[in-house]
There are 2 protein chains.
Amino acid sequence: MVQLGRHFGTGPASLAEVAADEDLPRAYLEQLVTSLRDAGLVRSTRGARGGYELARDPAEIRMGEVLRALEGPLAPMICATADPEHATTCDRSARCTVNVLWVRVRDAVNSALDSMTLADLVPEPGAPTTLPTTTLTGALTPS
Amino acid sequence: MVQLGRHFGTGPASLAEVAADEDLPRAYLEQLVTSLRDAGLVRSTRGARGGYELARDPAEIRMGEVLRALEGPLAPMICATADPEHATTCDRSARCTVNVLWVRVRDAVNSALDSMTLADLVPEPGAPTTLPTTTLTGALTPS
DNA sequence: CTCAATCCCGACGAAACTACTCGGGATTGA
DNA sequence: TCAATCCCGAGTAGTTTCGTCGGGATTGAG
């Protein structure tokens, strides 16, 4: 995604390119990018000179979206999934008091991820690696 | 640990007890409790009528300590371990710009875990499950 | 003193997951 | 027409997690 971010605005980048730049197997990237496409984060163009490009501006893509697209609902335990579709109650839920903790961790992780956008991670060609400025957070309140 | 928390003050609890209460295999608990003992979170008494007990008051045991004792340094990626002893630089670190993100996630997780103590999770015999009040956080600042 | 209840320890094993491979098909620009 | 792409589903090696197994050391109770 960072690679596609660098490439943003200049048409699609082929998986072969990304694979070379990032030193990852092309076949593997194919798998990953499929999830990203299904999540609407990247657009694909088929045929010769085709490839992938970001569906939105890097600044509009929260890292939480990327990670959730790749990994599914981000939760430290099954009993703490935010997504009600994937909700599964473990058989211990009656006695277990730890759920509160997992929910907090889950929210902390998702807030942290959603507080940065892809733009924060795409290296500007000229400038040195700067600290990110984007902050749409405000959701880290622990209680 | 929650079980030991309930038992706090009334002498050691045997693994057999905990295993029964928590419906987990005793032999497995043995493994876990070894890490907890090595981390100084529980004390063991050998011989008949022996067992394990918390080394400190439940309110003085942060959940982060427990999790780190059981799982090692809590980091979403190898390149973001706080503990310099376990530090390993991945061969991608030169080009990779994502480290900042992992560090944020790591800190968010550890803060969330350290913001609750075992006491927050031990059910009071009389009272219903209440929301935790302990907050020694203040470390969640994202920038 | 003896013995049963306990902790202590190291090695082993199965199931699940992660990161990746493979082979072939569909689409499209040159 | 054909090569460069994306598309798709199935397979697989290595690691990790969760748990097993067998036996040894320690100690309170009778």
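Chain letters run A, B, ... following the sequence lines, proteins first and then strands; every chain starts at 1.
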Q: Heavy atoms, side chains only, cut-off 4.5 Å: are B:V18 and B:R26 in contact?
A: no
Q: Would you please confirm or rule out a distance under 4.0 Å between OP1 or OP2 of D:dC6 and any side-chain N or O of A:S14?
A: no
Q: Between the main-chain N or O of A:H7 and the side-chain N or O of A:T10, is there a donor-acceptor pair closer than 3.5 Å?
A: yes
Q: Looking for any heavy atom pair under 4.0 Å, which part of the strands does B:R37 touch: base, sugar-phosphate only, or nothing?
A: sugar-phosphate
Q: Is any NZ, NE, NH1 or NH2 atom of the basic residue among B:E30 and B:R37 found under 4.0 Å from an Asp or Glu carboxylate oxygen of the other?
A: no
Q: Can you measure B:R26 atom CZ to D:dC21 atom P for me and round it to whole angstrom units?
A: 11 Å
Q: Could you give the CG-to-P distance, from A:L15 to C:dC20, as a whole number of Å?
A: 15 Å
Q: Can you measure A:R43 atom CZ to D:dC7 atom P for me and round it to whole angstrom units?
A: 13 Å
Q: Decide, yes or no, whether a salt bridge links A:D114 with A:R68 under the criterion of side-chain N to carboxylate O below 4.0 Å.
A: yes
Q: From C:dT21, D:dG24, D:dT20, pick the nucleotide closest to the side chain of A:P25?
A: C:dT21
Q: Find which nucleotide of DNA chain D each of A:A48 and A:T34 is nearest to by heavy atoms, and output the residue with the more 5' nucleotide.
A: A:A48
Q: A:D120 side chain to A:M116 main-chain N or O, any donor-acceptor pair under 3.5 Å?
A: no
Q: For the helix from C:dC1-D:dG30 to C:dA30-D:dT1, figure out the bend between the end axes, five pairs an end, and round to 10 degrees.
A: 0°
Q: Rounding to a whole Å, what distance do you find between A:R49:CZ and D:dA4:C1'?
A: 9 Å
Q: From CG of A:L32 over to P of C:dA19, roughly how many Å is that when rounded to an integer?
A: 9 Å
Q: Using a 4.0 Å cut-off on protein heavy atoms (strictly under), produce a 5'-to-3' string for nucleotides 12-18 of chain D with B for base contact, S for backbone-only sugar-phosphate contact, and - for none.
A: ------S
Q: Can you work out whether A:G47 or B:A27 has the more 5'-proximal nearest nucleotide on DNA chain D?
A: A:G47
Q: How close or far is atom P of C:dT18 from atom CG of A:L24, stated in whole angstroms?
A: 17 Å
Q: Does atom CZ of B:R95 have more than 12 heavy-atom neighbours, drawn from other residues, nucleotides or ligands, at distances under 6.0 Å?
A: yes
Q: With a 4.0 Å cut-off on N to O distance, would you call A:E124 and A:R6 a salt bridge?
A: no
Q: I want to verify a distance call: between C:dC9, C:dC7, D:dC6, whose nearest atom is closest to the B:E30 side chain?
A: C:dC9
Q: Counting only N and O atoms by type, is there a donor-acceptor contact under 3.5 Å from the side chain of A:E22 to the main-chain atoms of A:A19?
A: no
Q: Taking A:T97 for its side chain and B:L121 for its backbone only, find out whether a donor-acceptor pair lies under 3.5 Å.
A: yes
Q: What is the distance, to the nearest angstrom, from the CG atom on B:D38 to the C1' atom on C:dC9?
A: 11 Å
Q: Whole angstrom is fine here: how far is it from OH in B:Y52 over to C1' in C:dT6?
A: 9 Å
